[in-house]
Amino acid sequence: MLKEKYADRIAAIFAKYPDKRSAMMPLLYLAQEEYGYVTPEALGEIAALIGVDPTQVRSISGFYTMFREEPKGKYWLQVCTDLPCALRGAEQFYQELLAELDVEDGGTTADGMFTVERVMCLAACDRAPVLQNNFHYHENLDMDKMRALIRQWREEAGQPAPDAAADSADPDDSAAG
Amino acid sequence: MAEHILLRDLDIPDIRRFEVYTRHGGYEALRKVVTTMTPDDVINEVKKSNLRGRGGAGFPTGVKWSFIPRQEPIKYVVVNADESEPGTFKDRQILEGNPHQLIEGALIAAYAIQATAIYIYCRGEFWDLTHALDRHIEDARQAGFVGENILDSGWSCEVHTHLGAGAYICGEESALLNSLQGLLGQPRVRPPFPAQKGGGLYYEATVVNNVETLTNVPWIINNGADAYLQIGTPESPGPKIYCLSGHINRPGNYELPLGITFRELIYEHGGGIPDDRKLKAILPSGASGPVLPATDAVLDTPLTYEAVAKIGSTLGSASIILIDETVNMAWAGSKMTQFFAHESCGKCTPCREGTYWSRRRYDTLLAGRAAEKDIDILSDVAGQMTGLTLCALGEFAVNPVVWTIKHFRQDYLEYIQQAAAEEKPAARGKGKAARDAAAR
Ligand SMILES: Cc1cc2nc3c(=O)[nH]c(=O)nc-3n(C[C@H](O)[C@H](O)[C@H](O)COP(=O)(O)O)c2cc1C
Ligand code: SF4
Ligand code: FES
C-alpha cells in the first residue's frame with residue numbers, strides 16, 4: 001500500500017497544495033514508480049487518499065501520455081519523430097532502432113526489456129535524434145551510440161542480449177561482458 | 001560577443017549553483033524590490049520596459065500584472081514551463097543553466113502582485129530538471145529568499161514545482177491551471193480570465209508567465225527600464241532566445257536582440273543551411289504559426305512581433321524551424337497535422353474532428369491515393385474550424401494546412417500527379433515525392 005510505505009512522501013505532496021485534488025498527478029507518478037504502471041488497485045488507493053471516485057483518477061491517468069495503464073518494458077524508450085527531429089533523420093533512426101531490437105512500432109520486445117514508441121517534440125530538437133529512457137534524456141544519438149546504450153541497459157538488468165550465446169564465441173565480447 | 005542577459009550559463013558555466021549566482025549579483029534585484037520599492041513601483045518599472053510575454057502571445061507583462069486586484073487576500077504566480085511547441089527548447093536551457101534567475105524573476109512578480117505562492121508547472125519530460133529545480137529552490141529558501149517573511153519584509157511566499165505528464169494543451173494557461181488542480185487538462189471558458197477572481201489557480205487571481213519572460217525581470221530591475229528599452233525595438237524591446245532547428249548547420253539557442261533579421265540569424269549565427277542547399281520555408285513559431293516561403297523579403301524582415309505579423313505569420317516564442325529545398329511541404333503539413341491531431345484535448349468538436357479528418361486526408365495524400373479535390377477538402381475542413389474553437393490550439397491547427405497549401409500547392413500536386421501517373425501501366429518507377437515519403 002502506498003499509504004503506509006510512502007507516508008512521508010505523500011504528506012509532503014499534500015503539503016504543497018491548498019487543495020488535495022492537486023496531489024492527483026504526483027500520486028499517479030508515485031504509484032507508477034511503485035507498481036511499474038498505474039494498476040487498477042493504484043487507482044483505488046489514490047482515489048481514497050484524495051477523497052474522489054476512482055473513475056475520476058482513471059480519467060486523469062488516461063489523459064496524459066506519461067502515465068501508463070498497462071505494463072511496459074523495463075526500459076521505456078520514447079523516440080521523438082516530430083517535425084524538427086524528422087528533418088534531422090529521426091524517422092530513419094527510429095526504424096533502425098525498431099529493427100535492432102526486433103520490435104514493432106509501439107511494441108515491447110519478447111523478453112519484456114524494451115518498449116519502443118514515437119513521441120511528439122521533447123524540447124531537444126537541436127540535439128536530434130533524441131529519446132527518453134524512462135524519462136531520462138539521451139541526445140545526439142546514432143545507431144552506434146544506441147547499440148552501446150542497449151548493451152549497457154541489458155547488462156544493468158542482468159539480461160544479456162538474446163543472441164549473446166552466439167556473441168560469446170568471440171573472446172573479446174565475453175571479456176567485456 | 002556581448003554578455004548574455006538570459007543565457008548567462010554561456011558566460012558563467014556554474015551559474016546554476018546558488019553560490020555562483022549570488023556571487024555574480026544574484027538575488028540583488030529581489031532585495032532591491034523588497035527593501036526599496038512598493039509593489040506598484042515594480043509593476044510600473046516593468047510596464048515602462050515594455051517587456052512582452054515570451055510564451056507566444058507577446059502580451060505586455062507589466063500590464064498583465066496590473067490587472068490583478070489588489071484587495072484579494074490570496075493570489076498566485078504560475079510559471080509556465082510546459083515548453084512543448086515543436087521547435088522550442090529555450091526554457092529548458094534556462095531551467096538547466098540559469099534556474100535562479102527564473103526563481104528570482106518569479107519572486108519579483110510575486111512581490112509585485114503580493115502573491116502568497118508560486119507554482120512552476122514543468123512539462124513531465126523535464127523530470128530530472130524539475131528535481132534539480134527543487135534543490136535550487138531549497139537553496140534559495142535556506143538563504144531567506146523563499147518562505148516566511150522574506151528579507152524581513154513581512155511578505156511571505158512559497159515556491160513549488162509541479163510536473164505535467166505529457167500533454168501539449170497544458171501549455172495553454174487555463175488548461176495548465178486545471179491540470180495543476182488535478183482536473184482534466186482542458187482549457188476553461190473565459191471570462192473570467194486567470195488575472196480575475198474566479199479565473200485563476202484555485203479560482204483566485206493569478207498571473208501566468210512564461211519562463212523566459214520572468215527571467216528578464218531581474219535584469220530590468222537592476223538596470224532599469226530605460227536600459228532595457230535600448231535593446232531591440234520600441235515595440236519589441238529586449239533580448240530574445242531564438243531556437244533554431246531543422247535544416248541548419250548550427251542548431252541551438254541564440255540569445256540576441258529582438259529586431260535582428262531572419263537572414264542574420266540563420267546565416268551568420270546559425271551557420272546557414274547544410275550542404276549549401278537552398279532554404280525553402282521558415283516556420284517562425286514552431287508548428288503553430290503560418291509558414292513563410294524563404295524569399296529575400298522574408299529573410300530581410302526583422303524578428304519583432306510587429307514585423308513578423310506584417311508579413312503574415314507570428315513570432316510566437318521564436319522557435320524557428322528551417323526547411324530546405326529537398327522537402328515536400330505537403331509532407332511537412334502532414335507532420336504538423338499529426339501533432340495537432342494527437343494533442344487536441346477533445347473538448348470541442350471542430351478541433352477534435354477537424355484535426356482527425358485532416359490527418360486522414362494527409363495519410364491518403366502521402367500514400368498516393370489522393371486527387372486534386374482532396375486539397376480543397378483539406379482547405380474546407382480547416383475553414384470549418386476557424387473561429388469556432390474554444391482555445392487557440394484549434395486556430396494553430398489550421399495554419400499548417402492552410403498556409404502550406406497557399407504557398408506550396410505545387411508540392412501537393414506532386415503527390416497527386418504521381419498518384420495519377422502510377423495508375424497508368426506505362427508509368428515507370430516511383431515519383432520523387434513518394435520516394436521522399438518512403439525515406440522518412
Ligand atoms: C495550445 C497552446 C500551448 C501553449 N503552450 C505554451 C507553453 O508551452 N509555454 C508557454 O509559456 N506558453 C504557452 N502558451 C501560451 C500561454 O497560454 C500563455 O499565454 C503564456 O504562458 C503567458 O505567459 P507570457 O505572457 O509570459 O508569455 C500556449 C498557448 C496555447 C494556446
Ligand atoms: S480547440 Fe482543441 S485543444 Fe482547444 S479546447 Fe477545443 S478541442 Fe481542446
Ligand atoms: S522535434 Fe524532437 S525534440 Fe523537438
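Only this structure's heavy atoms are used, side chains among them; waters, hydrogens and symmetry mates stay out.
Proximity to chain A is limited to the side chain of B:R123, based on heavy atoms less than 4.5 angstrom apart. Of the two parts of B:S319, neither the backbone nor the side chain holds a non-hydrogen atom closer than 4.5 Å to a non-hydrogen atom of chain A. Of the two parts of B:I169, only the side chain, counted from C-beta on, holds a non-hydrogen atom closer than 4.5 Å to a non-hydrogen atom of chain A. Only the side chain of B:E343 comes within contact range of chain A, judged by heavy atoms closer than 4.5 Å. Contacts of B:Y202 with chain A are made by side-chain atoms alone, with heavy-atom separations under 4.5 Å and no backbone atom involved. Using a 4.5 Å cut-off between heavy atoms, B:I321 touches chain A through its side chain atoms alone. Contacts between B:Y119 and chain A at a heavy-atom distance below 4.5 Å involve the side chain alone, from C-beta outward. Residue A:M24 touches chain B through its side chain alone, counting heavy-atom pairs closer than 4.5 Å. Interface remark: B:C243 contributes no atoms to any contact with chain A (heavy atom separation under 4.5 Å).
Atom CG of A:D105 has more than 12 heavy atoms from other residues, nucleotides or ligands within 6.0 Å. Atom NZ of A:K145 is surrounded by more than 12 heavy atoms from other residues, nucleotides or ligands within 6.0 Å. The number of heavy-atom neighbours closer than 6.0 Å to CD of B:E148, taken from other residues, nucleotides and ligands shown, is 12 or below. The number of heavy atoms from other shown groups lying within 6.0 Å of NZ (A:K74) does not exceed 12. The environment of A:Q152 atom CD is dense: over 12 non-hydrogen atoms of other residues, nucleotides or ligands sit within 6.0 angstrom.
For the pair B:L163 and A:Y29, the minimum side-chain heavy-atom distance is below 4.5 Å. Residues B:Q338 and A:L83 have side chains not in contact (no heavy-atom distance under 4.5 Å, counting atoms from C-beta outward). At least one side-chain heavy atom of A:D82 sits under 4.5 Å from a side-chain heavy atom of B:P86.
Between the side chain of B:H247 and the backbone N or O of A:L87, at least one donor-acceptor pair lies under 3.5 Å. Of the possible polar contacts, none joining the B:E83 side chain to the A:A123 backbone as a donor-acceptor pair under 3.5 Å is found. B:K335 places no side-chain N or O within donor-acceptor distance of the main-chain N or O of A:P84, the cut-off being under 3.5 Å.
Under the 6.0 Å distance and 45° angle rule, B:R92 counts as a cation-pi partner of A:Y137.
The heavy-atom pair separating A:S22 from B:H162 by the smallest distance is O-CE1, 3.6 Å. Smallest separation of non-hydrogen atoms from B:G87 and A:C121: N-SG, 3.7 Å. Between A:F63 and B:G185, the shortest heavy-atom contact is CZ-O, 3.2 Å.
Considering only heavy-atom pairs separated by less than 4.5 Å from chain A, the leading option among B:L322, B:I248, B:I323, B:L283 is B:I248. With chain A as partner, the option from B:S179, B:A117, B:G182 having the largest number of non-hydrogen pairs under 4.5 angstrom is B:G182. Annotation: maximal heavy-atom pairing with chain B below 4.5 Å, among A:T81, A:I50, A:L28, occurs at A:T81. Highest contact tally toward chain A, considering only B:A167, B:S84, B:G124, is held by B:G124 [criterion: heavy-atom pairs under 4.5 Å]. With respect to chain A, the highest number of heavy-atom pairs below 4.5 Å among B:D91, B:L129, B:T161, B:I74 belongs to B:T161.
Distance check, rounded to the nearest 0.5 Å: CZ of B:F89 to CG of A:D126 gives 4.0 Å. Distance check: B:T130 OG1 to A:F135 CZ gives 12.0 Å after rounding to the nearest 0.5 Å. Here OH of A:Y17 is found 8.0 Å from NE2 of B:H160. Values are rounded to the nearest 0.5 Å. Residue A:R21 holds its CZ atom at 5.0 Å from CG of B:L183, rounded to the nearest 0.5 Å. Here the straight-line distance linking atom CZ of A:R118 with atom NE2 of B:H342 works out to 11.0 Å at 0.5 Å rounding. To the nearest 0.5 Å, atoms CZ (B:F340) and CE (A:M120) are separated by 10.5 Å.
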